[in-house]
Amino acid sequence: MIEQKPCYILAIESSCDDTAAAVLKNDVVLSNSIANQSIHEAYGGVVPELASRAHQQNIVPVVDQAIKKAGISKEDLNAIAFTRGPGLLGSLLVGTSFAKSLSMGLSIPLIEVNHLQGHLLSHFIADGNPNPQFPFLGITVSGGHTQIVKVTNHFTMEEIGRTQDDAIGEAFDKCGKVLGLGYPAGPHIDRLAKEGNPTAFRFPIPKVEGLNVSYSGFKTAVINFLHKNKQNNEAFIEENLADLCASIQYTLIEIIFTKIVKALEQTGIKEIAIGGGVAANSGLREKLKTTAIEKGWTVHIPPFAFTTDNAAMIGIVGYLKYRQESYARLDQAATARLPI
Ligand code: KG4
Ligand code: ZN
């Protein structure tokens with residue numbers, strides 16, 4: 001048998017507020033560097049113009065660090081993968097332009113990657129965990145996306161459910177903001193919820209057809225509820241913080257969870273792979289794990305570093321496309337909207 005030469009892929013991700021670069025040797029991650037932008041904390045959300053400026057400052061040191069940590073030199077690279085979309089256009093432009101310039105400078109192929117495919121295919125990174133078996137349901141729950149996808153093979157994906165408005169992570173963050181928690185609020189709510197009662201306060205579950213979900217009405221219900229209770233008691237939030245976090249988290253999870261169950265029943269699939277920042281939520285993980293045992297599902301949850309936005313997940317798609325010689329042209333532009 002002829003042994004295939006290993007390939008080294010540099011991957012660049014800049015779709016939102018994290019500047020990330022990774023180097024993969026085939027499907028193995030050699031380095032996974034990230035520069036988070038703390039500047040947005042003061043605004044309680046990502047400010048697009050500030051994000052793209054910070055990407056410009058971060059991209060060279062982050063790429064340099066990823067190549068050094070991988071223990072290779074840039075001349076060893078075989079291809080460069082970059083996030084083409086979806087995301088914030090100004091942010092995407094920084095990564096896209098940088099990837100194009102470097103690929104021209106090194107005379108190596110360029111590979112475009114859909115960020116959403118990256119979240120779903122992150123499960124194929126060689127990290128010691130078994131890969132999902134096709135077909136499986138890919139669930140992406142993040143600050144920008146909430147979707148249920150039927151994954152038939154690496155590049156045949158069909159979105160069968162999505163949010164009609166806000167993403168689940170956005171709902172965590174917006175509820176956290178009115179509770180006075182820092183940004184992003186998801187991890188704070190998760191931590192505080194552990195000490196609270198999830199049924200202390202009841203919030204309505206919106207009725208949405210099919211496998212779609214909605215989160216914007218929930219956020220308004222929480223704001224109105226807090227406003228009403230604060231009129232009677234100024235200290236309502238402080239006195240009930242843990243119970244509020246537990247009840248909010250319970251409902252946010254319930255909204256997507258009922259649709260995941262429905263999607264599995266409808267498709268007959270028993271394998272789920274979850275990704276995106278909210279996949280780090282301990283309530284969601286626990287619920288998936290216990291229900292999986294009851295119902296005989298197989299659940300894949302990637303390691304934390306590959307769950308939130310990162311470049312390793314862009315690199316694995318790059319590697320899979322490199323094997324097919326599926327390269328990008330230099331005129332393929334960054335695009336804010338890109339279906340899976
Ligand atoms: O995937 P990600 O890093 O970036 C986007 O593509 O949006 O996800 C960030 C989101 C934020 O909304 C953050 O609050 C949420 O993931 N998040 C969590 C947790 N950790 C991060 N939400 C709930 N519980 C957590 N433990
Ligand atoms: Zn993402």
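Please read these numbers as outputs of a predicted model, since none were measured by experiment. Read the numbers this way: they start at 1 and go in the same order the structure lists the ligands and their atoms.
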Problem - Parallel, tilted or perpendicular, as decided by the 30° and 60° cut-offs, for the rings of His119 and His115 - result: perpendicular

Exercise for the section: Under 4.0 Å from a heavy atom of Ser142: give me the atoms of ligand 1 that qualify, with their elements. Expected result: 1 (O), 5 (C), 6 (O), 7 (O), 8 (O)

Exercise for the section: Go through ligand 1 atom by atom and flag the ones less than 4.0 Å from a non-hydrogen atom of Gly186. Expected result: 14 (O), 18 (C), 19 (C), 22 (N), 23 (C), 24 (N), 25 (C)

Problem - Distance, nearest 0.5 Å, that separates CG of Leu320 from CG of Asn153 - result: 10.5 Å

Problem - Where ligand 1 meets Pro184 - atom numbers and elements under 4.0 angstrom, heavy-atom basis - result: 13 (C), 14 (O)

Practice task
Tell me, yes or no, whether the heavy-atom count around Lys150 atom NZ, taken from other residues, nucleotides or ligands under 6.0 Å, exceeds 12.
Solution key: no

Practice task
Would you check the N or O atoms of Phe172, main chain and side chain alike, for any that come under 3.5 Å of an N or O of ligand 1?
Solution key: no

Problem - Min heavy-atom dist Cys16 to ligand 1 below 4.0 Å - result: no

Problem - N, O or S atom within Asp309 nearest to the Zn ion (ligand 2), by name - result: OD1

Completion exercise
Heavy-atom proximity to atom 21 (C) of ligand 1, picking from Gly169, Ala280, Gly275, Gly277, points to Gly277

Exercise for the section: Flag yes if more than 12 heavy atoms outside Lys194 fall under 6.0 Å of its NZ atom; otherwise flag no. Expected result: yes

Handout entry: ligand 1 atoms in contact with Gly144 (distance to a heavy atom under 4.0 Å)
Key = 7 (O)

Problem - Backbone or side-chain N or O of Asp18 under 3.5 Å from ligand 1 N or O - result: no

Practice task
Run the salt-bridge test on Lys219 and Glu170 with the 4.0 Å N-O cut-off and return the result as yes or no.
Solution key: no

Exercise for the section: Indicate whether any N or O donor in one side chain lies under 3.5 Å from an N or O acceptor in the other, for Glu13 and Thr83. Expected result: yes

Problem - Phe155/Phe124 aromatic ring centres below 6.0 Å - result: no

Fill in the blank from the handout: atom 7 (O) of ligand 1 has as its nearest protein heavy atom Gly143 N, 2.8 Å

Exercise for the section: Could you tell me whether the Zn ion (ligand 2) has an N, O or S atom of His115 under 2.8 Å away? Expected result: yes

Exercise for the section: Only heavy atoms count here, so choose which of Asp309, Asn310, Val278 is nearest to atom 3 (O) of ligand 1. Expected result: Asp309

Problem - Atom indices of ligand 1 within 4.0 angstrom of Asp173 heavy atoms, with elements - result: 11 (C), 12 (O), 13 (C), 14 (O)

Handout entry: Name of the His119 atom (N/O/S only) found closest to the Zn ion (ligand 2)
Key = NE2

Practice task
Please indicate whether Glu325 has more than 12 foreign heavy atoms, meaning atoms of other residues, nucleotides or ligands, lying under 6.0 Å from its CD.
Solution key: no

Exercise for the section: Give yes if a backbone or side-chain nitrogen or oxygen of Asp190 is under 3.5 Å from a nitrogen or oxygen of ligand 1, and no if not. Expected result: yes

Exercise for the section: Would you mind listing every ring pair (Phe, Tyr, Trp, His ring centres under 6.0 Å) that reaches into residues 264-319, with sequence neighbours excluded? Expected result: none

Exercise for the section: For Glu49, enumerate each residue passing the side-chain hydrogen bond (donor to acceptor under 3.5 Å, both in side chains) test, keeping only those at least two apart in sequence or located in another chain. Expected result: Arg53

Fill in the blank from the handout: One finds that the ligand 1 atoms under 4.0 Å from a non-hydrogen atom of Asn281 are 23 (C), 24 (N), 25 (C), 26 (N)

